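Reviewing the structure listed below.
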Protein chains: 2
Amino acid sequence: MRKKKSVSSKDVAREAGVSQATVSYILNNVKGVKIRPETRQAVLDAVKKLNYHPDQIARGMKLKRSMSVGVVTDRNVTNFYFMKTLEGIRDGLQAHNYSVSLLFNKYESIEEAEFIKYYSSNRIDGIIFAFASISDEDIEYMDSMGIPYVMVNTYPSGRDVGEVCTDHLSHIQAVIGYFKSQGVKDIAYAGPVPRRANDRRLEAFKEAMALHGYEVKEELTVLGGHDNGEVCRAIMGLLEDKDGRPDAILAASPRFGMLTVKSCHMLGIRIPQDVRIVAVGSSNFFELIHPTLSSIELPLYDMGLKAAEMVLKAIDKGDMVPTTVLPSEFVIRESS
Amino acid sequence: MRKKKSVSSKDVAREAGVSQATVSYILNNVKGVKIRPETRQAVLDAVKKLNYHPDQIARGMKLKRSMSVGVVTDRNVTNFYFMKTLEGIRDGLQAHNYSVSLLFNKYESIEEAEFIKYYSSNRIDGIIFAFASISDEDIEYMDSMGIPYVMVNTYPSGRDVGEVCTDHLSHIQAVIGYFKSQGVKDIAYAGPVPRRANDRRLEAFKEAMALHGYEVKEELTVLGGHDNGEVCRAIMGLLEDKDGRPDAILAASPRFGMLTVKSCHMLGIRIPQDVRIVAVGSSNFFELIHPTLSSIELPLYDMGLKAAEMVLKAIDKGDMVPTTVLPSEFVIRESS
DNA sequence: CTGAAAGCGCTAACAA
DNA sequence: TTGTTAGCGCTTTCAG
């Protein structure tokens with residue numbers, strides 16, 4: 001079972017009555033080399049007849065290219081974000097005959113990082129970081145090694161690196177504006193405790209509130225952690241306050257969106273009649289609950305596609321591609 | 001930027017004052033070759049000093065191995081199932097220095113399939129099909145080519161191929177038994193229209209019902225399609241029938257579980273007081289709704305891990321590994 | 001326009 | 001115990 005027939009370009013050459021070089025020229029469409037039509041046809045026929053597939057390893061050996069890029073992500077990444085982005089990445093790379101090698105972002109020192117080792121040993125030609133936390137030191141290290149890479153993030157890192165992200169935070173203004181147009185009086189915020197300096201969700205909320213003349217009340221701001229139960233209790237705390245109950249809530253992530261809805265269900269509060277809810281982010285579960293959850297949807301697939309394009313350019317040309325911002329979209333469903 | 005320092009084993013050999021072969025022997029721990037400790041140390045030092053990483057492409061060229069396996073899935077696969085399985089696959093492969101190359105299952109003729117081309121061109125050494133629909137002809141083709149592969153599926157395909165799946169359907173008995181112990185009178189079934197002959201969910205339900213002395217009523221069986229709205233209407237049809245309303249529902253997939261809960265919410269039916277719900281399958285969203293949804297959880301990570309192990313064995317030894325069935329688990333949450 | 005030949009970095013006989 | 005050497009299959013000067 002372990003043997004391969006292994007038709008090589010030499011076989012094709014012999015079959016077509018030409019030299020190996022000619023086969024290579026034809027198959028790679030090398031420009032600057034003119035091939036007589038009948039020769040080309042003969043070679044193409046031989047290829048088909050022998051079912052020849054160029055050995056990519058041998059090819060890579062010669063070209064110093066593995067024709068694959070590493071996609072690295074944190075282990076605990078939100079599945080949906082990553083998968084959707086990965087689809088885009090995959091399609092973008094596949095169009096250029098590049099493949100995706102999946103790596104996780106876990107290491108002690110950067111030198112020991114899997115993606116570095118993969119790069120050093122020529123298993124990948126470049127790297128796409130998809131929602132992975134990478135330190136400044138790591139970036140410096142990669143820059144010093146001349147490793148082509150691109151980052152995909154929701155929030156711009158603010159660093160001078162090739163990066164694709166989205167403008168979802170700017171849509172918070174539209175959400176607040178929409179709330180206003182619906183006659184909403186008090187708007188609450190529920191989201192995770194900021195863990196990175198560049199997480200500007202709460203600030204964006206505050207700015208949008210100010211813009212539309214709303215007052216941001218401390219007691220209407222929930223910052224929750226990893227425990228779902230705790231988050232629900234905190235949100236229910238908001239809602240049970242008979243006097244100051246908000247009539248709209250901005251949930252800063254899909255998980256917080258779901259938990260906000262859940263909290264309402266637990267208290268028998270009607271959505272959107274009693275309280276309107278909008279979540280920041282995408283999920284395929286927003287349509288599977290009652291009521292369906294309005295949200296700011298991220299262009300995840302396109303972000304992946306763009307990242308693929310950028311990393312290929314970085315690999316080919318060696319130049320860092322400037323940061324790209326792709327547009328998100330405020331999708332109004334039943335909950336708002 | 002495009003240049004590499006490219007320390008080769010030759011450099012290491014020179015630095016250590018030995019031959020290339022010796023370096024190779026030491027780094028690959030070739031057995032049957034004894035190396036003097038001081039020589040080994042000298043080489044190891046040189047490796048560290050020069051920061052040498054063996055070129056995996058050159059290595060692959062020699063060994064006829066790419067050290068990576070293709071993971072192929074249908075495009076529209078459930079994200080959660082796939083991602084969780086992929087994690088297991090990745091960890092299993094990574095432990096043997098194999099990497100994951102992500103491929104999609106889309107093609108006209110099998111000869112044109114991406115995974116076949118990848119295999120033929122030596123980009124992957126084997127294939128794991130994760131929840132991908134593969135026809136019998138495709139299997140035959142792969143067998144005839146001697147391609148090492150393994151399939152990961154929820155349902156056993158019943159074909160004589162290396163396969164890892166789970167016994168989740170057998171837990172339906174436990175679910176029905178649990179319903180019975182809670183004094184449930186009428187149990188309904190809600191699930192997708194069977195699209196494959198080997199989808200035995202409904203049969204398993206019927207058998208479990210019979211086993212516990214329940215009658216399977218035609219009017220308490222909902223088979224729905226792709227449209228969420230339609231599915232909800234069908235389920236609500238069940239629930240609105242005042243006389244024959246079921247007091248428990250088995251939802252045959254995560255999506256149907258969510259939609260069943262949603263339907264109850266839309267009608268103001270209490271869970272689990274009025275109707276108990278259990279879903280077949282895993283999802284990280286079951287904890288994010290009210291009430292949390294009971295389910296039969298699949299060992300997705302372990303399935304991936306096992307598949308990795310099996311495909312590596314198939315690659316190494318060339319023999320097909322027998323089908324493995326991993327245990328699922330009935331997890332009782334608030335909805336039942 | 002096409003062919004001969006060198007060589008990418010590695011492994012594995014075979015020699016020493 | 002270690003070194004010499006011959007390729008793996010491909011691309012690519014350089015000749016013809």
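Only a predicted model underlies this, so the values are computations on that prediction, with no experimental measurement involved. Lettering follows sequence order; numbering is per chain, from 1.
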Send over the distance from [X] [atom1] to [N] [atom2], rounded to a whole Å.
{"X": "K64(A)", "N": "dT12(D)", "atom1": "NZ", "atom2": "P", "result": "13 Å"}
{"X": "Q20(A)", "N": "dG9(D)", "atom1": "CD", "atom2": "C1'", "result": "7 Å"}
{"X": "M67(A)", "N": "dC10(D)", "atom1": "CE", "atom2": "P", "result": "15 Å"}
{"X": "K31(A)", "N": "dT11(D)", "atom1": "NZ", "atom2": "P", "result": "16 Å"}
{"X": "R123(B)", "N": "dG9(D)", "atom1": "CZ", "atom2": "C1'", "result": "16 Å"}

Open item on the list: Whether D316(B) and R65(B) form a salt bridge (side-chain N of Lys/Arg under 4.0 Å from carboxylate O of Asp/Glu) is what I want to check.
Closed with: yes
- [ ] Using a strict cut-off of less than 4.0 Å between a Lys/Arg side-chain nitrogen and an Asp/Glu carboxylate oxygen, indicate whether K48(B) and D45(B) qualify as a salt bridge.
- [x] no
- [ ] Looking at every strand, decide which applies to S24(A) at a 4.0 Å heavy-atom threshold: base, sugar-phosphate, or nothing.
- [x] base
Open item on the list: Using a 4.0 Å heavy-atom cut-off, does V33(A) contact any base of the nucleic acid, only the sugar-phosphate backbone, or nothing at all?
Closed with: base
Task: Set of residues satisfying salt bridge (charged side-chain N to carboxylate O under 4.0 Å, His left out) with respect to R90(B), sequence neighbours excluded - done: E114(A)
Open item on the list: OP1 or OP2 of dT11(D) versus the side-chain N and O atoms of N28(A): is any pair under 4.0 Å?
Closed with: yes
Task: Upstream residue (5' side of DNA chain D) when K34(B) and T22(A) are each assigned their closest nucleotide - done: K34(B)
- [ ] Decide if the gap between the ring center of F129(B) and the ring center of F115(B) is smaller than 6.0 angstrom.
- [x] yes
Open item on the list: Can you give me the closest heavy-atom contact between A132(A) and D74(A), atom names plus distance?
Closed with: CA-OD1, 3.5 Å
Task: Start and end of the DNA chain C segment that chain A contacts, any atom under 4.0 Å from a heavy atom - done: dC1(C) to dG9(C)
Open item on the list: Under a 3.5 Å threshold, yes or no: a donor from one side chain and an acceptor from the other, between N79(B) and N79(A)?
Closed with: no
Task: No-hydrogen, no-angle side-chain donor-acceptor test under 3.5 Å, D125(B) and Y119(B) - done: no
Task: First encountered from the 5' end of DNA chain C, between S19(A) and V30(B) - done: S19(A)
Task: Residues from residues 52-62 of chain A lying under 4.0 Å of DNA chain D - heavy atoms - done: Y52(A), P54(A), D55(A), A58(A), R59(A), M61(A), K62(A)
Task: Between NZ on residue K34(A) and CZ on residue R36(A), distance to nearest 0.5 Å - done: 14.5 Å
Task: Among dT2(D), dT12(D), dG3(D), the nucleotide that comes nearest once only the side chain of T39(B) is considered - done: dT2(D)
- [ ] Count the heavy atoms of every other residue, nucleotide or ligand shown that sit under 6.0 Å from CG of D160(B), and state whether that count exceeds 12.
- [x] no
